[in-house]
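All remarks here apply to the structure that follows.
To find a chain, count down the sequence lines: A is the first, B the second, and so on, and within it residues start at 1. Since the model is a prediction, treat every value here as computed from it, not as a measurement.
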Amino acid sequence: MKRILSMAFASAGALSLQGCAGLQSALDPKGPAASELAWLIWFFTGLCAVVWVLVMIALAAPLTMRSRAQAEPLAIDPGADGRKLRVVMTAVGVTAVILVGLTLLSFFANRTLAAIGSDAALTIRVTGHQWWWEVRYENAMPSRILTTANEIHIPSGEPVRLLLTSTDVIHSFWIPSLSGKLDLIPGHTNVLDIKADKPGVYRGQCAEFCGVQHANMGTFIIAEPRAKFDTWWNDQLRPAADPTGDEAKAGEDLFQRRPCVMCHRIGGTPAGGTVAPDLTHIASRQTLAAGTLTMSRGNLAAWIADPQSIKPGSHMPVVELNGDELNAIVAYLEGLK
Amino acid sequence: MRLGLATLVCVTLALGACQREERDTRPQSSLGSGEQPTPVTTLEPGGQRPSPSDNKAASFEANAFHLSEGKRLFGWFNCSGCHANGGGGMGPALMDEKWIYGSSMESIHATIRDGRPNGMPSFREKIPDDQIWELAAFVRSLGGNAPSSAAPSRNDDMMTHPSENRMPDAATLGKSP
C-alpha cells in the first residue's frame with residue numbers, strides 16, 4: 001500500500017513538473033523579462049521557505065524541549081528579560097533586513113524590465129476584443145502598416161514594443177514564457193516591452209476574465225530570425241490571393257454577398273469590416289478563433305457552420321448556408337495564404 | 001418549528017435568485033429568413049403586414065441579452081451612419097413617435113430585411129435573421145418601448161441621449177395618469 005502511494009506521489013510530481021516546460025510557462029523563460037521574473041520568484045520562494053522552516057523550528061522547539069529543573073521555582077532570573085529582548089530584537093532586525101532586501105530586488109528587477117524596450121525598433125498595437133486579438137504593425141509609412149489577428153510574429157533577439165488597448169472590456173495580455181501580464185483597458189494604452197531570445201512559438205492567454213469565452217482567447221507569439229520576419233511582413237502586406245478554381249470563385253462571390261462581409265475584411269476586395277478578425281491571409285495562420293481550433297479545412301468548415309457550438313456566446317453568428325455554399329466559402333478561405 | 005419555517009422561506013427565496021435569463025445564441029431553426037417571402041407591393045390588406053413565418057418579436061423584445069446584442073450590432077453595422085444614434089440624420093429618427101412604416105417589431109424587422117423606398121437598403125442576405133430581430137428589438141428600445149429592466153444601460157463612450165433603460169416609457173409618454 002505504502003509503495004503504491006509513494007509511486008503515485010512520484011508520478012504525480014513528475015507529471016506536474018512536466019507542466020512547467022512547454023510553450024506556455026512562466027517557469028520556462030525564453031526572454032529577458034521572463035528570466036528576470038522567474039529568477040525573482042525562485043529566489044522569493046526559496047528565501048521564504050527557509051524563513052518558514054526556521055519559524056516552525058522556533059515554534060516547535062519550546063514544545064519539545066524539557067525545561068531546566070530549577071532548584072527554586074519562584075526565584076527570579078535577573079538576566080532572563082534581557083535575553084528575551086535580545087532574541088526578539090534580533091528576529092525583528094533580520095525580518096526588516098530581509099523585507100528591505102526583497103523590496104530592493106523587486107525594484108531592480110522592475111528597472112531591468114523597463115529597460116528592455118528602450119531601443120525597440122518595432123511597435124505593435126494589440127487591441128483586445130471579445131474574444132480575439134487584433135494585431136496592427138505600426139510603421140511611419142502607411143503602406144507598410146499591417147493588420148492581422150491572433151498571431152503575433154516578432155523578430156527574435158530584438159526588443160519589441162507592444163501598445164495594449166481594448167475596445168470592449170478589460171482583457172489582459174500574458175505570454176508566460178516571455179513576459180509578465182499587463183491589462184488591456186478600453187480608452188487607455190498600456191506599454192509592454194517583450195523580447196524573445198531565440199526563435200520559437202510561445203503561447204499566450206487572456207489573463208483577465210472578460211466574458212463567456214475568456215478561456216478560448218489565446219494568442220501565439222512566433223519569434224523568427226529578422227530575415228524571415230521581414231519576408232513574412234512583406235507577404236502579409238500583399239492583397240488577398242485571387243481564388244483559383246470554380247468552387248473558390250463561387251466562394252469569393254458568396255463571401256461578398258452573405259453576412260461574412262458585414263464584419264470581416266479581406267484586403268484587395270470590397271470586404272472592409274473591422275469588427276472581426278482580418279481574413280486577408282487567414283490560411284497562413286496556425287489556428288482559428290483565437291487559438292481554439294487548429295487551421296484545417298475541416299475545422300474551418302466546422303467553425304463557419306456552427307461557431308456557437310464551438311465557442312458558445314462568441315460574436316460570430318450562425319449563418320444560414322447550405323452544403324455547397326459552405327464548401328465554396330471554405331475553398332475560398334483556404335486559398336487565402 | 002418557527003425557526004425551521006423561516007429557514008425554509010429564506011432558502012426558497014435564495015434559490016429563486018438562481019433563475020437567470022436564457023441566452024439564446026443559436027437560432028432555433030437554422031432556416032429562417034431565406035424561406036420568407038419578399039413582399040411585391042406596399043399595399044397590405046387591412047394595413048397590416050403579414051407576420052413573418054418565424055416570428056420572434058415576443059421572445060426578443062423584453063430579453064436583455066438580445067437587446068444589448070442589438071445595440072452592439074447597431075454600432076457595428078453603422079446604422080448611425082444614417083440614423084445617428086436614433087436621432088435621425090440622412091435617415092429618419094428612430095426615437096420619436098413618427099413611424100413611416102409602423103413601429104411594431106414585425107414592421108422594423110421587415111424594414112431591415114427588405115429595405116424601404118428612398119434609401120433604406122435591404123439586409124436580407126447580409127444579416128442573419130436572428131440578428132435582424134435583435135436589431136429590431138433594440139430600435140424599439142430607443143423610443144422607450146422596451147421594459148427598463150431589460151433595456152441596455154449607459155454607453156461607455158459619448159452619450160448622445162439618455163440610456164435606453166432611462167428613456168421615458170412610450171406607453172405613458174405625454175399622458176397624465
Side-chain angles (χ1 to χ4, degrees), chain A residues 128-132 134 165-171 184-188 210-213 216 253-265 270-277 302-326 329, chain B residues 20-36 52-54 56 60 63-81 112-113 115 121-138 152-159:
Chain A
H129 296 266
Q130 281 177 326
W131 291 273
W132 60 283
E134 181 185 341
T165 187
S166 166
T167 55
D168 35 44
V169 298
I170 299 178
H171 304 276
L184 297 89
I185 299 168
H188 173 82
C210 57
V212 283
Q213 286 303 325
N216 283 326
D253 184 47
L254 278 166
F255 189 95
Q256 303 292 340
R257 282 198 289 111
R258 302 308 295 274
C260 323
V261 73
M262 296 294 283
C263 299
H264 291 284
R265 175 178 173 272
T274 54
V275 294
W303 172 246
I304 297 169
D306 194 359
Q308 294 301 328
S309 71
I310 294 166
K311 225 169 149 171
S314 80
H315 293 326
M316 170 110 167
V318 177
V319 174
E320 301 155 21
L321 296 168
N322 64 35
D324 288 343
E325 291 173 330
L326 180 64
I329 289 180
Chain B
R20 55 177 290 190
E21 192 181 83
E22 289 289 317
R23 287 193 170 191
D24 223 357
T25 60
R26 306 183 65 192
Q28 290 308 310
S29 65
S30 62
L31 286 177
S33 63
E35 308 293 300
Q36 288 164 15
S53 56
D54 190 10
K56 294 190 168 150
F60 274 42
N63 184 297
F65 174 67
H66 290 311
L67 286 166
S68 65
E69 288 289 286
K71 179 167 181 154
R72 183 172 58 73
L73 295 173
F74 192 90
W76 277 18
F77 295 161
N78 196 26
C79 305
S80 297
I112 299 170
R113 194 189 63 193
S122 159
F123 292 93
R124 172 173 281 267
E125 291 217 305
K126 290 281 199 289
I127 306 179
D129 199 46
D130 271 33
Q131 275 67 30
I132 297 182
W133 283 113
E134 283 171 345
L135 279 164
F138 170 68
S153 56
R154 68 176 185 83
N155 295 352
D156 288 334
D157 43 28
M158 185 175 66
M159 295 283 286

- Query: About how many Å separate OG1 of B/Thr25 and NZ of A/Lys311, when rounded to the nearest 0.5 Å?
  - Reply: 13.0 Å
- Task: Identify which part of B/Glu125 has an atom lying under 4.5 Å from any heavy atom of chain A, answering side chain, backbone, both or neither.
- Result: both
- Query: Where does B/Phe123 contact chain A at under 4.5 Å (heavy atoms): side chain, backbone, both or neither?
  - Reply: side chain
By a 4.5 Å heavy-atom criterion (distance strictly below it), what part of [X] contacts chain B: side chain, backbone, both, or neither?
X        : result
A/Gln256 : backbone
A/Val275 : both
A/Asp306 : side chain

- Item | Side chain proximity check, A/Met262 to B/Leu73, heavy atoms < 4.5 angstrom |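 No, side chains not in contact.
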- Highest number of heavy-atom pairs under 4.5 Å with chain B: which of A/His315, A/Arg258, A/Arg257? A/His315
